[in-house]
Each structure stands twice: as structure tokens, then as C-alpha cells.
Amino acid sequence: MTETSNERDLVRLAKVEELRGAGIDPYPPRLDQPRTHTAAEASAAFEQAEADASDSPVQVHLAGRMLSRRIMGKVGFAHIEDGSGRLQIFVRKDVVGEAAYDQLFKKLLDLGDFIAVGGRMVRTKTGEVSCEAESIQLLAKSLEPMPDKWHGLKDVETRYRRRYVDLMVNPEVREVFVTRARMVQAIREYLDGEGFIEVETPVLQPIYGGAAARPFTTFHNQLKQELYLRISFELYLKRLLVGGMERVYEIGRDFRNEGVSFKHNPEFTQLEWYEAYADYHVVMERVEAMLAHVARRLTGGTVISYQGREIDLAPPWRRVTLRDAIIEYADIDYTQYPTAQALADAMRAMGHRPESTSNRGKLIDSLLSNYVEPNLVQPAFVTEYPIEISPLAKKKAGDPSTVERFEYFIAGMEMGNAFTELNDPLDQRARMEWMQQLYGADDEERHPVDEDYLLAMSYGMPPNGGFGTGVDRLAMLFCDKASIRDVLLFPHLRSLERGEAA
RNA sequence: GGCCCACUAGCUCAAUUGGCAGAGCAGCUGACUCUUAAUCAGCGGGUUUCAGGUUCAAGUCCUGAGUGGGUCACCA
């Protein structure tokens with residue numbers, strides 16, 4: 001912390017002064033010699049030279065953070081780390097000189113400092129490939145102590161609040177975010193290869209929609225207009241289909257003003273796509289194909305391990321109707337109970353405990369999330385949803401109470417949602433007005449009717465299939481992390497300012 | 001928001017029934033020309049998250065608060 005200067009801080013600050021006094025800039029603008037090799041490249045170059053039995057020395061200029069140091073009189077060792085990994089440097093007083101050795105290396109450098117090292121690659125007596133330093137330059141002085149070199153940083157709160165420290169000392173954390181980036185890259189690779197166009201639609205929206213969630217609200221001062229941070233991309237992406245773009249997708253941030261948990265963050269990354277002339281069956285095939293592609297890119301196969309369980313993403317996945325799934329796992333056939341009251345009574349009679357009787361669709365959804373979802377470990381599509389919880393999905397032919405919709409589940413988690421999109425503007429208006437009645441005026445989940453969206457659809461929207469999935473939850477899956485916070489670089493935490501100001 | 005758990009040195013962790021707040025690493029001083037959790041000798045480092053309370057005595061017990069974690073609720 002910086003609010004009080006303790007002895008530890010004073011020692012570091014005194015070193016900065018001493019460096020300046022000796023004419024050494026503790027924060028120089030650039031390296032005296034440009035970096036020629038990463039740590040990994042330097043090792044590889046040396047091993048190649050060894051293999052070739054070359055006599056010419058491998059000269060390198062390296063840069064990185066000094067993580068450890070072992071001083072033995074007039075010779076010392078240190079490990080530096082750069083983006084490619086760690087490398088030992090070997091420092092001899094008779095090579096680098098007295099000033100560089102005694103003053104800089106032994107005294108004024110600290111663990112955590114960024115340094116540049118020039119020298120030749122050698123193998124030490126114990127066989128470790130190392131750089132024997134001929135010059136050392138301080139690149140950036142660290143004023144804070146590094147976490148324990150052996151135990152690292154374990155405190156969960158500190159790891160999240162100071163992710164930069166977590167990243168610098170815990171290489172496996174960096175690895176998670178590399179995997180996440182590769183996953184997103186593989187998703188784009190699949191969609192681009194299928195002719196989808198990546199687009200960007202507004203984050204600030206005058207009317208929020210496309211999902212049932214409470215939005216964050218903000219205000220444009222000059223326009224004197226209330227705006228919402230988007231809770232989904234759906235209504236904008238489908239306007240693009242009206243405009244003639246046939247296959248579109250967006251990867252971006254959604255914001256939902258709801259509870260925080262191991263699988264919910266107030267802002268999270270969503271993937272949505274819409275495809276003209278496709279229905280939800282086509283979407284299912286794409287979801288299978290896309291995630292199998294991602295798995296192959298990341299692991300070479302389709303079987304991944306998540307929290308100790310093997311999950312096989314190879315198509316085809318299980319398909320089960322919502323009704324059959326609830327019969328199987330909760331032993332209730334909701335089609336036998338046409339009203340919310342009747343269904344709630346039946347649930348109670350079966351020993352379940354429904355929380356609300358306001359909405360039959362919500363009761364069915366609670367049966368799904370409480371009894372079905374935890375059992376769907378292998379990938380599964382749950383299909384055919386009640387109309388009252390699906391206002392943007394097309395009705396199933398011959399069954400006006402059901403829509404062509406699916407959600408998919410992996411590892412007992414809901415991963416995404418899709419439908420054959422409703423493109424009948426008259427039906428859409430009726431459904432939105434019905435929602436107004438279903439959700440009371442005081443219900444924060446009630447959506448305003450988006451007249452411009454209805455206008456767009458009135459121009460004619462091709463039949464299409466749409467899909468949305470949580471990218472963070474996919475990252476949890478592919479990185480084998482049980483908490484969304486472990487796949488977010490900076491997960492949302494409550495601010496500490498209030499407590500510190502008092 | 002309810003309930004449960006945690007919070008001790010920069011980091012990782014101890015502290016018996018309520019009885020002198022400790023160790024390792026990191027830091028500082030010194031020794032040491034091939035170490036790798038280097039080693040050896042010495043030194044400094046604490047409002048035990050915060051505010052109250054009980055007690056001769058509180059890191060430990062009680063009340064409240066903060067932050068984090070878990071869980072339930074919420075989350076088409």
C-alpha cells in the first residue's frame with residue numbers, strides 16, 4: 001500500500017535516489033542495446049549451436065523481470081522472465097566489472113526489477129543453459145516487494161484486485177488467458193469460414209431488449225437522453241437481416257444489473273449469430289460443429305476434461321425436449337397443468353418448492369434449472385420451450401403453446417440459447433403486448449416495446465435461426481475453471497475506496 | 001438481500017483451555033567465484049481488517065461494520 005511510508009518503502013526509494021546519484025536512470029526510455037532474443041529464443045539458439053558443435057559464441061541481448069537472485073561472493077545467478085519464459089543469467093564480477101557487480105547487481109537491484117542483460121550463452125557446471133552477463137542495464141525499478149518466490153500469491157481477493165501481480169508470479173494464470181484468446185480465435189475461424197460477417201452494434205441503446213434482465217442506465221448529457229448499456233445484441237443483429245446481411249455475428253460485452261456469482265459477472269462476453277434461411281435445427285448443427293472445431297484447435301481432439309469429468313464434444317449431441325427432460329429428472333409432465341396455479345400445486349405435491357406462482361413459464365424454467373440442468377453433463381440440446389418465456393421465437397407448427405427454441409447445456413451449466421427467430425411482425429407485436437401484461441408495470445424485467453424493431457420486421461425479415469452463448473462460460477469449460485472470475489482478467493469486485501476513505 | 005466460513009509481518013502460514021504475537025521466504029548488514037527454494041552469521045519488520053463490549057488478561061469470547069469466498073434467493 002502507498003498510504004503510509006514504512007521502512008520497506010523507504011529502502012526502495014533510497015535505492016532510486018542512490019541510482020540517480022550514480023547517474024543511473026531508474027526508468028530509462030529505452031534499452032542501451034536492442035533486444036535480440038527472447039529467453040526461449042536464446043536457449044534454442046544456444047542448443048542449436050551446441051548441436052552443430054559450433055565454436056562461435058552465441059551473443060544475445062535479453063530483457064525481462066528479475067525473479068530470483070543468488071549471490072556467492074564475486075559471482076552470482078539470477079533468473080529473469082520475459083514473455084517466452086525464464087532464463088538464468090550468470091554474473092561474474094571479473095566480467096561485468098566492479099561497478100556493475102557490487103553497486104548495481106548486488107546492491108541496487110531488487111527482485112521484480114526489469115533489466116536488460118547482454119552477454120554470451122553458456123552452460124553452467126550444473127548444466128543449465130544460461131546467459132553469462134557482460135552488461136546489465138536497469139530498465140524499470142520495482143518499488144513493491146514480490147510475493148513469496150516459492151508459495152507465490154494465493155490470496156484470492158488480492159489475485160483478483162491486483163491481477164497484474166497474479167499474472168507476474170503465476171504462469172498458469174497467463175496460460176488461462178492465452179487459452180481463452182485461442183478459443184475466441186477458433187470461434188471466429190469457424191464462423192468466418194462459414195461466410196459469417198463480424199459486425200459491431202451499439203452498446204449504448206435507447207431501448208434495451210433481447211433478454212430478460214435489468215439493465216444499467218446512463219445518460220447522454222448533450223442529447224438529454226436516457227440510455228441503457230445493452231443486455232443483448234439480438235434486436236440489432238436481426239435488423240441487419242432485414243437489411244440483407246445473411247450471416248452475421250458479434251462478439252462483445254453485455255451488461256446485466258443482476259447478482260454476481262461464480263457464473264455471473266455484471267459485464268460478460270457474449271457471442272450471437274443470426275443466419276438467414278436457417279432454422280433451429282441448422283443452428284444446433286452449427287453449435288456442435290463450432291465447439292468440436294474449437295476443441296480440436298485447443299486440444300487436438302473433441303474430449304475435454306472439466307473439473308475431473310470427461311466431456312465429449314463430438315457431434316451429434318443429445319437432443320431432448322424440455323417436456324421429456326423435466327419428466328425424466330423432475331417427474332412432472334407440465335403439459336398436464338395448463339395454468340401456473342395448477343403447475344405450482346402439482347410441484348408442491350411432488351415435494352418441489354416453487355418460489356413464485358406468477359408465471360407458468362417461470363415455473364417450468366425453475367424445474368429446468370433446478371432438476372434438469374445439473375444432470376446435463378455431456379453436451380445436450382433441450383428443445384421446444386413454452387411460448388410465455390420466449391417472446392422472440394417462432395411458434396411450433398400445430399402447437400401454439402410451444403416455440404422452436406433450444407438451450408444447450410454442458411457440465412451442468414446452461415451455455416446458450418437459440419431459436420427459429422420470429423419474423424412475423426403482427427405476431428411479434430402481439431407477443432410483445434402480451435409480455436406487457438404477463439409482466440406487471442412494476443416488474444423490472446418488463447421490456448419496453450421496441451417500435452423501431454417492429455418497423456424493421458414489417459419491411460420483411462427472412463426466416464432465420466439465431467444463437468447466443470456466453471463466451472466466458474465457454475472459457476471456463478475449455479480452461480477447466482469452476483469460477484467465471486478465473487477466466488476474466490479483471491472480475492468485478494466491490495470498490496475498497498469507501499472503507500479506506502473512512 | 002438471507003445463511004455459513006475466512007481475514008495475523010510485503011508473501012505463505014503458526015500461536016494449547018482466554019495467559020509474553022512466532023516461523024519460513026522477502027528486506028537490511030556481513031561472509032562466500034557455478035548457484036538454482038543457494039548456504040552461513042547477525043538485524044529490523046505487527047493498530048492480529050475496523051469499531052465497540054465482556055474479562056485481572058482478548059489474535060482467541062460477544063455485538064456491529066468492512067472485504068472476500070461458499071450457498072440460497074434472484075437471474076425468459
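Numbered from 1 within each chain, the chains take letters A, B, ... in sequence-line order. Worth saying up front: this structure is predicted, and the values here are computed from it rather than measured.
Distances shorter than 4.0 Å separate none of the side-chain N or O atoms of Arg431(A) from OP1 or OP2 on A76(B). Between C75(B) and Lys362(A), a contact under 4.0 Å exists linking OP1 or OP2 to a side-chain N or O. Taking 4.0 angstrom as the limit, Arg70(A) places a side-chain polar atom (N or O) nearer than this to OP1 or OP2 of A38(B). Side-chain N/O atoms of Lys149(A) include one lying less than 4.0 angstrom from OP1 or OP2 on A26(B).
Without hydrogens or angle criteria, Arg163(A) side chain to Leu489(A) main chain gives a donor-acceptor distance under 3.5 Å.
The existence of a salt bridge linking Glu250(A) and Arg230(A) is confirmed by a sub-4.0 Å separation between a basic side-chain nitrogen and an acidic carboxylate oxygen. At a threshold of 4.0 Å, the pair Glu373(A)-Lys263(A) counts as salt-bridged, since one of the basic side-chain nitrogens sits closer than that to a carboxylate oxygen. Between Glu81(A) and Arg86(A) there is a salt bridge, since at least one side-chain N of the basic residue sits less than 4.0 Å from a carboxylate O of the acidic one.
If you check every strand for non-hydrogen atoms under 4.0 Å, Gly76(A) touches nothing. Residue-level contact check: Arg159(A) touches neither bases nor backbone, having no heavy atom under 4.0 Å from any strand. Within 4.0 Å (heavy atoms only), Pro386(A) reaches no atom of the nucleic acid at all. Looking at heavy-atom distances under 4.0 Å, Phe262(A) makes contact with sugar-phosphate atoms alone, never a base. If you check every strand for non-hydrogen atoms under 4.0 Å, Glu128(A) touches a base. As judged by a 4.0 angstrom heavy-atom cut-off over every strand, Arg123(A) is placed among residues making no nucleic acid contact. Among the protein residues, Arg161(A) comes within range of the sugar-phosphate backbone only, with heavy atoms under 4.0 Å from sugar or phosphate atoms but none that close to a base.
Atom CG in Leu493(A) sits roughly 11 Å away from atom P in U67(B) (whole-Å rounding). The OH atom of Tyr101(A) sits 11 Å away from the C1' atom of C34(B) (whole-angstrom rounding). One interatomic measurement links the two molecules: CD of Gln307(A) to C1' of G70(B), which rounds to 15 Å at whole-angstrom precision. When the P atom of G10(B) is taken as reference, atom CG of Leu143(A) falls 16 Å away, rounded to whole Å. Regarding Arg92(A), its CZ atom lies at a distance of 14 Å from the P atom of U35(B), rounded to whole Å. We find that CG of Asn417(A) is positioned 10 Å from P of A76(B), with the value rounded to whole Å. Between the CG atom of Asn370(A) and the P atom of U71(B) there is a distance of 14 Å, rounded to whole Å. We find that CD of Glu98(A) is positioned 15 Å from C1' of U33(B), with the value rounded to whole Å.
C11(B) sits 35 Å from C72(B) when the C1' atoms are compared, rounded to a whole Å. Rounded to whole Å, the P atom of G19(B) lies 11 Å from the corresponding atom of A58(B). Taking atom C1' on both U17(B) and G44(B), the two are 34 Å apart, rounded to the nearest angstrom. Here, G66(B) and A51(B) have their C1' atoms 11 Å apart, quoted to the whole Å. U67(B) and A41(B): their P atoms are spaced 46 Å apart (whole Å). Taking atom C1' in both G70(B) and C13(B), one finds a spacing of 22 Å when rounded to whole Å. Nucleotides A9(B) and G64(B), compared at atom C1', are 27 Å apart to the nearest Å. Straight-line distance between the P atoms of G45(B) and A31(B): roughly 24 Å, to the nearest whole Å.
Base-pair partner of U63(B): A51(B) (Watson-Crick or G-U wobble, both distances under 3.5 Å).
Taking every side-chain heavy atom of Arg485(A) into account, G70(B) is the closest of U12(B), G70(B), U33(B). Here the side chain of Asp110(A) is nearest to one of C28(B), A76(B), C34(B), namely C28(B). Relative to the side chain of Pro391(A), the nucleotides U35(B), U12(B), A76(B) differ in distance, and A76(B) lies closest.
For C75(B), the base has a donor-acceptor partner in the side chain of His264(A) [N/O atoms by modelled type, under 3.5 angstrom]. Not a single donor-acceptor pair, N or O on each side, falls under 3.5 Å between the base of G10(B) and the side chain of Asp148(A).
Smallest separation of non-hydrogen atoms from Cys131(A) and Val117(A): SG-CG1, 4.0 Å.
Nearer to the 5' terminus of RNA chain B, by closest-nucleotide assignment, is the contact made by Lys15(A) (compared with the other of Lys15(A) and Tyr160(A)). Of the two residues near RNA chain B, His79(A) and Ser390(A), the one whose nearest nucleotide lies more 5' is His79(A).
Within the cation-pi definition used here (under 6.0 Å to the ring centroid, within 45° of the axis), Arg239(A) qualifies as a partner of Tyr236(A). At least one test fails for Arg405(A) against the ring of Phe419(A): distance under 6.0 Å to the centre or angle within 45° of the axis.
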